[in-house]
**Student:** 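Attaching a single structure in structure tokens format; questions to follow.
Chain A is the first sequence line, chain B the second, and so forth, proteins listed ahead of strands; every chain is numbered from 1. Just so we're clear, the structure is a prediction, and the values are computed from it rather than from any experiment. These numbers come from the heavy atoms of this one structure, side chains and all, not from hydrogens, waters or symmetry mates.
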Protein chains: 2
Amino acid sequence: MPPKKTILRDAAPYLPELTLDCVILSFHEDRLKVLLLRWKGTQEWSLPGGPIQRNEAVDAAANRILKERTGLDDIFLQQFHVFGEVERYNREEIRHKLKHLIDPDKWYERAVSVGYYALVDYTKVTPTPDAYTEQCAWWDVQHTPALLFDHNHIIHVARQALRTQLSWQPIGYNLLPEQFTLPELQRLYEAILGKTLDPRNFQRKMLSLGILERLAERRRGGAHKSPYLYRFKKEQYELKLKEGNLFFT
Amino acid sequence: MPPKKTILRDAAPYLPELTLDCVILSFHEDRLKVLLLRWKGTQEWSLPGGPIQRNEAVDAAANRILKERTGLDDIFLQQFHVFGEVERYNREEIRHKLKHLIDPDKWYERAVSVGYYALVDYTKVTPTPDAYTEQCAWWDVQHTPALLFDHNHIIHVARQALRTQLSWQPIGYNLLPEQFTLPELQRLYEAILGKTLDPRNFQRKMLSLGILERLAERRRGGAHKSPYLYRFKKEQYELKLKEGNLFFT
DNA sequence: TTTTAATGTGTTATTTTAACATAATGATAA
DNA sequence: TTATCATTATGTTAAAATAACACATTAAAA
């Protein structure tokens with residue numbers, strides 16, 4: 001491989017050949033949603049992501065991207081996999097689809113990507129495109145379009161990781177608004193686990209963990225019996241997480 | 001940051017600023033062991049690891065390093081964390097300690113490292129140093145010396161990951177020789193979990209999983225009642241793993 | 001006022017776990 | 001040759017967790 005444009009690359013503020021991709025998930029109308037970007041002048045979508053600055057921790061870069069795309073700070077963000085294959089995707093195809101947007105030399109190199117997932121409150125996000133894209137929107141994670149790069153695969157791996165980490169991570173805490181009902185929490189767990197749960201057993205188990213506080217209010221407006229509102233007792237929640245005692249089947 | 005030696009670096013067969021570190025674990029005399037390297041002309045130890053080739057998958061690089069240090073192929077190898085801090089360790093200190101061995105310019109850059117752990121059969125390993133080191137040896141994971149770089153920290157994180165993944169990974173399968181006794185398997189689990197288990201309950205639970213085959217032979221030579229030998233039923237083991245049903249408390 | 005479907009609470013049988021006891025074994029020491 | 005003793009194998013039981021059920025309550029809509 002001949003050296004090329006080396007001065008330019010090394011002068012760049014970014015680490016070459018290392019990127020990250022963020023699977024930003026939320027929960028809305030009983031569905032898991034993922035935040036996607038549409039590239040300028042195309043109908044092509046991809047995950048948010050990008051390169052890492054030379055003087056920036058990888059975790060910090062993930063937080064920066066999360067902040068830029070959602071407006072949110074201090075959010076649960078978890079690295080879940082490194083995508084380090086040489087031929088992660090068809091680079092020629094990307095070069096063709098995005099040729100009007102990017103420097104072909106810059107994007108033609110093999111890159112390793114660190115995958116992160118973030119769990120955010122749908123109602124608090126302001127989806128914001130980046131310099132290369134013109135639309136940022138939530139997609140039902142079950143019905144994403146064919147994405148650029150290997151991003152469908154990355155989403156798949158993220159969801160697997162989320163399922164196995166469900167017991168050790170503060171998952172409800174970040175995906176739901178501050179106040180929520182038990183049926184809402186149950187539907188979140190069902191969406192992540194991909195199976196239905198018995199509401200009576202779910203309720204008993206959740207409450208027995210001692211991490212929920214029932215409020216005086218109920219959620220009004222539904223067609224039927226109005227459910228109680230709850231919020232997480234933050235200290236107890238984090239205690240349980242440390243103990244690894246939120247295992248859920 | 002001024003550009004420097006850019007031609008040289010880009011011509012290099014390795015990805016700049018990306019490395020990997022391997023926490024190679026085995027089990028011997030009831031203790032978890034980790035494979036460490038001693039650097040030439042020093043008393044300084046570190047984990048095996050190194051850079052990734054431009055045309056090489058990151059997983060392939062980990063397998064290459066594992067093979068070079070142990071002689072083993074086709075071994076369970078799991079990436080567990082990306083160490084992406086800017087100041088992972090004191091680079092000045094490393095530069096001083098290893099100044100007789102390395103090009104200071106090359107090693108003075110910030111690097112991101114992908115952490116892997118491997119679980120190997122102690123009896124099958126031939127510890128082999130690399131070009132920079134003159135000794136490769138097993139250390140009790142509880143009593144490692146102060147290591148170079150952030151490698152004590154990497155071992156710590158690897159052990160945490162191993163504990164939480166104990167239920168979903170084929171851990172016994174790789175850490176033990178083909179034939180083993182139930183007390184040996186129990187002591188392995190105790191070493192990983194860091195706590196003692198009740199042998200009666202352990203035995204019943206293990207056997208109830210249906211992944212062990214009892215052999216006619218017993219292990220002779222112990223001072224007391226000779227225990228039965230077992231081996232894993234590979235298909236059943238992998239089935240259980242897929243189901244995520246090896247949870248162990 | 002009735003209907004309807006979602007919510008909250010309750011019951012029970014089964015399974016799993018935790019805690020504890022004891023018999024069998026086989027080299028070693030007496 | 002026999003007794004000793006630590007280790008292994010197997011057994012028992014109470015407590016806890018889980019799974020699979022039934023049913024009363026509620027609030028909007030018909």
**Student:** Quickly work out the A/H224 NE2 to D/dT26 C1' distance and round it to whole Å.
**Tutor:** 10 Å
**Student:** I need the CG-P distance between B/N201 and D/dG11, as an integer number of Å.
**Tutor:**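 B/N201 atom CG is separated from D/dG11 atom P by 14 Å.
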**Student:** Would you mind telling me which of C/dA19, C/dT9, D/dA27 lies closest to the side-chain atoms of B/D198?
**Tutor:** C/dA19
**Student:** For A/K225 and C/dT7, give me the distance from atom NZ to atom P, rounded to whole Å.
**Tutor:**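 Computing the A/K225:NZ to C/dT7:P distance gives 10 Å.
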**Student:** Tell me whether the OP1 or OP2 atom of D/dA27 has a side-chain N or O from A/S226 closer than 4.0 Å.
**Tutor:**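 Yes.
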**Student:** Considering just the side-chain nitrogens and oxygens of B/R214, establish if one lies under 4.0 Å of OP1 or OP2 belonging to D/dT10.
**Tutor:**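 True: B/R214 side-chain N/O within range (under 4.0 Å) of D/dT10 OP1/OP2.
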**Student:** Check the orientation of A/F149 and A/Y89. Use parallel for under 30°, tilted for 30 to 60°, and perpendicular for over 60°.
**Tutor:**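 It falls in the perpendicular class, over 60°.
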**Student:** Nearest to the side chain of A/K205, heavy atoms from C-beta on, is which of C/dG8, C/dA18, D/dT18?
**Tutor:** D/dT18
**Student:** In whole Å, what is the span from the OH atom of B/Y228 to the C1' atom of C/dA24?
**Tutor:**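 Roughly 10 Å, once rounded to whole Å.
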**Student:** Could you tell me the separation between the CD atom of A/Q203 and the C1' atom of D/dA19, rounded to a whole number of Å?
**Tutor:** 16 Å
**Student:** Quick one: the side chain of A/R200 and the base of D/dA22, do they pair up donor-acceptor inside 3.5 Å?
**Tutor:** yes
**Student:** Determine the interplanar angle of the A/F80 and A/Y117 rings, folded into 0 to 90°, and report it as parallel if under 30°, tilted if 30 to 60°, perpendicular if over 60°.
**Tutor:**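 Plane angle between 30° and 60°, so tilted.
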**Student:** I want to check one thing: is the phosphate of D/dT7, taken as OP1 and OP2, less than 4.0 Å away from some side-chain N or O of B/R218?
**Tutor:**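 Negative; the distance criterion is not met.
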**Student:** Among D/dT8, D/dA28, C/dG8, which nucleotide sits nearest the side chain of A/R220?
**Tutor:**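 Nearest to the side chain of A/R220 among the choices is D/dA28.
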**Student:** Once you round it to whole Å, what is the distance between C1' of C/dA6 and CG of A/L197?
**Tutor:**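 Distance check: A/L197 CG to C/dA6 C1' gives 17 Å.
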**Student:** Considering only NZ, NE, NH1 and NH2 on the basic side and carboxylate oxygens on the acidic side, decide whether A/R231 and A/E213 come within less than 4.0 Å.
**Tutor:** yes
**Student:** Would you classify B/R219 as touching base, sugar-phosphate or nothing, given that sugar-phosphate means primed atoms plus P, OP1 and OP2, and contacts are heavy atoms under 4.0 Å?
**Tutor:**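 Since no nucleic acid heavy atom lies under 4.0 Å of B/R219, the category is nothing.
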**Student:** Nearest whole angstrom, please: distance from the P of D/dA9 to the CG of B/L215.
**Tutor:**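 Distance, rounded to whole Å: 12 Å.
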**Student:** Can you check the B/R204 CZ to C/dT16 P distance for me, whole Å?
**Tutor:**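 Result: 12 Å.
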**Student:** Would you check if the side chain of A/Q186 reaches a backbone N or O of A/F202 as a donor-acceptor pair within less than 3.5 Å?
**Tutor:**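 A pair under 3.5 Å: no.
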**Student:** Where the side chain of A/D150 meets the backbone of A/H153, is there a donor-acceptor pair that is under 3.5 Å apart?
**Tutor:** no
